[in-house]
Amino acid sequence: MSDAMIECEGLTKRFGAFTAVDHVSFSVAKGSIFGFLGPNGSGKSTVIRMLCGILEPSDGTARIGGHDVVRETESIKDMIGYMSQKFSLYDELTANENLIFAGKLYGLHGRQLNQRRDELVAITHLEPYLDRRAALLSGGWRQRLAMACSLMHKPTVLFLDEPTAGIDPVARRELWDLLFEFAGEGMTLFVTTHYMDEAERCDHVGYIYMSRLIVCGEPDDLKQMPEVSPPGTRRLDVTCDHVTTALRAMHELHGVRSATVFGQSMNLLVDESVRRAEIDEKLHSVGISHAEIHEIGPSLEDVFVTLSAKYAGEQQKAA
Ligand code: ADP
Ligand code: MG
């Protein structure tokens, strides 16, 4: 890919005998948002640390804007911003002091420094909180401040490690609105998350499982992978009252391969032979008189759950 901003090839990190990242390859186009998902401990933060030049790969290569992250660390330093998973703010400093300090670390000073600070305050709406100590800010505002700090030197690539973990839904949406604005201006974003709704909004997503990147691509393409929809099955959305009772009933129905609750409804993966009337009858038998049943496509969560189960099965067979 010619317009790739982040490229890695066989990227590997070993800590002693343990392989934390195992031959991971992908690329991220300039101005796009890449969502990186995977269970805790699967290697997401370690990949970011290698891409930022903080941790040396044991094997493989990575380039940012064409620069090798190991041999050209100095060239990439100015190009990238990194918002780490653990809050990287100085609690004792005010929001303003955090911004100024972050700018100084990158050699900004005088009018240029203040100007950049003002720009970011305007973008992130931090104005009312400038004199507040970072320790006293709410989760959402801390994240905005941390993000503003990581942007002081105008990076063209921004790495965000679980930026929305533990913040409320409104703050979460607002942070994503900002990310889209940045991408619209040509910034490349690499974001780790556990939220499927966030993953759905990314241009590309990658899923890392047990140190291996097991799937990578555009959300809509991934949902169409044949492995995700086993032949002879379909997915149904069933909306009804008493969803927990309904779930138990569905587990007893022959031909139901899996059933998962989402709020007021259930998603079923069933054999094609299962008729809607059978589902209705079964629900009737547990006292649920009315259910709405629709056929649906797989979600991204279905993609990741199915492929990681398949991968784990293959690993077990190989062992
Ligand atoms: P994630 O961000 O997906 O939760 P990490 O990249 O933080 O996962 O960690 C992946 C694995 O590598 C974990 O098992 C973790 O304990 C291990 N690991 C991470 N950093 C180190 C280190 N410096 N030394 C030894 N093991 C590490
Ligand atoms: Mg992590």
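Both counts, for ligands and for their atoms, begin at 1 and track the order of listing. Scope of the values below: all heavy atoms of this structure, side chains included, with no hydrogens, waters or symmetry mates.
The aromatic rings of Phe26 and Phe36 are tilted relative to each other, their planes meeting at an angle between 30° and 60°. The aromatic rings of Tyr90 and Phe101 sit perpendicular to each other, their planes meeting at more than 60°, with 30° as the lower class boundary.
Among His194, Glu198, Gln143, the one residue that satisfies the side chain to side chain donor-acceptor pair (under 3.5 Å) test with Thr164 is Glu198.
Relative to the six-membered ring of Trp176, Arg173 misses at least one condition, a distance below 6.0 Å or an angle of at most 45° to the axis. Relative to the six-membered ring of Tyr311, Arg212 misses at least one condition, a distance below 6.0 Å or an angle of at most 45° to the axis.
Ordered by chain and residue number, the residues placing a heavy atom less than 4.0 Å from ligand 1 are Phe15, Phe18, Ala20, Pro39, Asn40, Gly41, Ser42, Gly43, Lys44, Ser45, Thr46.
Side-chain contact annotation: Asp161 with Thr192, donor-acceptor N/O pair under 3.5 Å present.
Residue-and-atom listing of protein N/O/S atoms under 2.8 Å from the Mg ion (ligand 2), sorted by chain and number: Ser45 OG, Gln85 OE1.
Taking His284 as the reference, nothing meets the side-chain contact (heavy atoms from CB on, under 4.5 Å) condition, with sequence neighbours excluded.
Evaluation of the salt bridge (charged side-chain N to carboxylate O under 4.0 Å, His left out) test over residues 32-58, restricted to residues two or more places apart or in two chains, returns none.
Between Arg257 and Pro230, the shortest heavy-atom distance links the atoms NH1-CB, 3.9 Å.
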